[in-house]
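Scroll down for the structure; my scribbles are underneath it.
FYI, side chains are in, hydrogens and waters are out, and symmetry mates aren't considered; it's all heavy atoms of this structure.
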Amino acid sequence: MPKKRSGGGLSATQQAAKFLGVSVLAGAVLAGIALPAAGALGLAAKGSVQSFDEIPANLKSPQLSQRTTILDNRGNQIATVYSRDRTVVDLKDISPYMQKAIVAIEDSRFYKHGAIDLKGVLRALNKNAQEGGVAQGASTLTQQLVKNYFIEEAGDDPTKVAEATQQTLGRKIRELKYAIQIEEKLGKKRILENYLNITFFGEQAYGVEAAAQRYFSKHAKDLNLQESALLAGIVQSPSRYDPVNDEAEATKRRNTVLQRMAEVGDVSQAEADRAKEKPLGLHPSKPRNGCITATDGAGFFCDYVREVFLNDPVFGKSRQVRAKLWNKGGLTIRTTLDPQAQASAQSSIKNHVYKSDAVATAATIVEPGTGKILAMGQSRPYGFDKHETQINLSVNQGMGGGAGYQPGSTFKPIVAAAAIEGGKPATQQYSSPYQMPYPSPVSACDGKTWRNDPRKPAKLTNENTSEHGPYGMKEATAKSVNTYYVQLISDIGICPVIDMAKKMGVERADGRKIDQAPSIALGTQEMSPLTMANAYATFASRGMYCTPVAIESITQKIGSRQKSLQVPKSTCSRAMSEHTADTVSTLLRGVVEDGTGQQAGLQDRPSAGKTGTTDKRYAAWFVGYTPNMAGAVWVGDPAHRRQMVGITIGGVPYDKVFGGAVPGPIWRDMMAGALAGKPVEDFNLVDIPDDNNGDGQGKGRGGDNGGKNGDNSGGLIGGLIGGPTDGGTTGGTNGGTTGDTTGGAFPTPTFSLPGNFIQGQTNGGTNGNGNGGQRG
């Protein structure tokens, strides 16, 4: 005896035979329903049979795209993102009214027929013949489910979507064969459940749970009669019957559904009539999709999480594969973001820099020893309006950021670490004059040598004329003495510094290699706040560098089960000895105790850090740490056009901005709040004898800035052009430190360059003018 289908009616074999036995009628019916063109009615029966037999027999239900939820490290929701706003629910979690309403209006004989309703086909054929066109369709819920499967698989590919919805006889036949298979395997309840979860209800809502939330701000299981009728009526034409935009049309359609429910016996006529008299009762909620909805200014961190997912091979072999997984959604992503640290960062930023200011700020906090990103914020919110941006000012260009910003003197501790690791004592002294030419020659990597131009040597200065040595490393670091650090890098060579930077994860934000020139000691290479915060975390963790991570765990919802996905882990490696790291921490304690970073010092716990300001004050920094947190704060014009001279920031006027005056207090307040209630830990300090210059020379407090260069300072040209050569002599042409056309501290090329070769990129990054001599 032939096997009966779970939904009742003919078996798959019987139904196929009946279909083929009336091939002429079926061809006409299918053509008449699917194709308005009269010519299709002449389709040969043999062609129909052949097409039907060639279709693969195994249709797999697609994994429905759902919303992805991003959480902080305590499980609080940061944002929801989705390709299609959908939350899959079981049939038991869908109101019985909703189940009856959709069946009544879309396929009232659903429980009486199989995959195809032959009575419905004949009825539709007769109706279409009377109307002279396609006035009525005959697709069952099962056939509609198959069609939605094809649309879901097509995703956002317009070509595939067109193929999935094209009005052709071939698609209709394919749809029918798969419908027969689904009826055989799933049964009526599962088919209804899948249909209610996959179908589109308009207003970005896919599936009945999302629709219930969108229109009524409630769960699908709580829908009443009239609400269920309204949603069921939308399905036929989501734009036409959209209750948000056309209440009158939606009301008519709802009442049609209610009447149909009464006609098929789902409710009494009296119940239907009472429901018709009630208002729509809309309580809509706005679609909340994407990182723009993130809480506590975490939109940029949310966007960074997405970039990590799309770029890391752990989530798929190719970006296309990873993007498909992301768009499918259904993910719960628990991140490293600490809500206390994030709230403190945003509060400090808001208090010190307004979003409408001419300049912006970005700040990042990471955890030493783990690489976990605890906070990421900026003064210009995530968005599309005035004073908003989609560029993440805290990260590298390849991860959604700009081209970076010159870190100025915050790079000097990396030079110190390279020197100490190579055997230089922290008491190392240099003459450190107020002004000097760059020492030459200086050894670089791969046997190359950097040479200054002896004819017009590039020069540099300290901030104040009172700053002249001799200095030892301790005082030179506290005062951020430029000439000391250029003498230091010239002594040890450029390559040890580049190697140390690499070990600490320090790289240019635009992806280019760090230039091999002694000027890198003054922070001429564009970096991102995340890079600098994570580099300083290496000092805090006593020499262990850990790659930054933003994701702790991911689970993916597949049907009713949860699957854990592999996530990228932080890789930790020793960048320097504990002694070297402890020595640098001792040096940087001096910066916040009696050096350029006194305004950044924390009151209730030990801290260390370094200020940095670039020439002409295009950027100012403070990067610092405690043993349990490291953070970086940058302030400047993302387009690298506005000099921070005679400027008002956060309602406070400044004659000149430097690292200790604006970024420093932001860092202090941010870290104080982030660390509140956390254990107070101390550094492992080393004894560094105080410098003894004898005559008190150079004791004046240095600033964090440049300000000695003219309008046309030489920038990075000294590093790019007067850089490493094999015994070459090409150097700069503009030395000096004053005047309208003097070159700052770097040579200028003797040939012309394309306009943006030195200037860099301007869209959210920095023009990279690289004015000579970065100040502390």
Side-chain angles (χ1 to χ4, degrees), residues 7-9 89-114 117 119-121 123-124 127 135-145 148 187-203 205 207-216 218-238 240-244 246-283:
V89 293
D90 295 332
L91 193 63
K92 64 181 177 60
D93 293 321
I94 300 174
S95 165
Y97 285 125
M98 186 68 218
Q99 298 178 42
K100 292 176 181 178
I102 200 72
V103 170
I105 196 63
E106 289 296 318
D107 185 2
S108 61
R109 287 173 35 81
F110 176 62
Y111 293 104
K112 298 178 182 178
H113 60 66
D117 182 7
K119 276 184 73 172
V121 168
R123 183 185 67 249
K127 180 71 173 176
Q136 190 176 101
S139 291
T140 64
L141 276 183
T142 310
Q143 289 172 277
Q144 291 182 48
L145 176 61
N148 276 294
K188 293 295 186 179
K189 287 187 177 180
R190 285 290 303 281
I191 289 171
L192 180 59
E193 176 184 293
N194 288 3
Y195 179 80
L196 285 169
N197 277 304
I198 199 173
T199 198
F200 179 52
F201 287 87
E203 293 288 335
V208 67
E209 177 68 15
Q213 293 287 350
R214 176 70 185 95
Y215 295 107
F216 302 109
K218 61 170 58 176
H219 293 293
K221 65 181 180 181
D222 299 323
L223 292 168
N224 61 29
L225 173 58
Q226 60 268 21
E227 292 167 346
S228 297
L230 177 68
L231 295 187
I234 291 174
V235 170
Q236 185 183 86
S237 179
R240 179 181 177 185
Y241 301 125
D242 181 355
V244 174
D246 195 337
E247 186 173 336
E249 194 69 21
T251 301
K252 287 184 196 176
R253 179 64 177 169
R254 180 201 66 175
N255 293 346
T256 297
V257 176
L258 288 168
Q259 184 59 40
R260 183 59 178 160
M261 292 179 73
E263 291 171 357
V264 299
D266 288 332
V267 296
S268 67
Q269 187 62 55
E271 286 178 296
D273 290 342
R274 284 195 297 271
K276 290 177 187 178
E277 295 300 319
K278 294 183 178 180
L280 293 183
L282 295 178
H283 184 52

Any chance OH of Y97 has more than 12 other-residue heavy atoms, nucleotides or ligands included, within less than 6.0 Å? no

Other residues, nucleotides, ligands: >12 heavy atoms within 6.0 Å of K218 NZ: yes

Compare every heavy atom of [Y] with every heavy atom of [X], then report the nearest pair and how far apart it is.
X    : Y    : result
L258 : V267 : O-CG2, 4.4 Å
R260 : A104 : CG-O, 3.2 Å
A275 : R254 : O-NH2, 3.4 Å
R253 : G233 : NE-O, 3.0 Å
F110 : K188 : O-NZ, 2.6 Å
A205 : R214 : CB-CB, 4.2 Å

Might you work through the side chain to side chain contact (heavy atoms under 4.5 Å, CB included) test for D242 and I234, ending with a clear yes or no? CA-CA 7 Å; D242 181 355; I234 291 174; over 6 Å; no

Any side-chain heavy atom of [X] within less than 4.5 Å of one from [Y]?
X    : Y    : answer
D107 : Y195 : no
D266 : V103 : no
M261 : L225 : yes

Just by distance, do the side chain of D90 and the backbone of D93 share a donor-acceptor pair under 3.5 Å? no

Main-chain N/O of Y241 paired to D246 side chain as donor or acceptor, under 3.5 Å: no

For L192 and I102, run side chain to side chain contact (heavy atoms under 4.5 Å, CB included): C-alpha distance rounded to whole Å, both residues' side-chain angles, the deciding distance at 0.1 Å, then the answer. CA-CA 9 Å; L192 180 59; I102 200 72; 3.7 Å; yes

Could you measure the distance from the [atom1] atom of [X] to the [atom2] atom of [Y]? Nearest 0.5 Å is fine.
X    : Y    : atom1 : atom2 : value
N148 : N194 : CG    : CG    : 10.5 Å
Q259 : I105 : CD    : CD1   : 10.5 Å
L280 : E227 : CG    : CD    : 10.0 Å
M98  : D222 : CE    : CG    : 14.0 Å
H113 : T140 : NE2   : OG1   : 5.5 Å
T251 : K276 : OG1   : NZ    : 13.0 Å

Check step by step if side chain to side chain contact (heavy atoms under 4.5 Å, CB included) holds for Q226 and R274. CA-CA 9 Å; Q226 60 268 21; R274 284 195 297 271; over 6 Å; no

Between Q144 and T199, is a side chain to side chain contact (heavy atoms under 4.5 Å, CB included) present by the stated rule, with each step listed? CA-CA 9 Å; Q144 291 182 48; T199 198; 6.0 Å; no

Looking only at the side chains, is there a donor atom on one of Y215 and E203 sitting less than 3.5 Å from an acceptor on the other? no

Quick one: do the E263 and Q269 side chains pair a donor with an acceptor below 3.5 Å? no

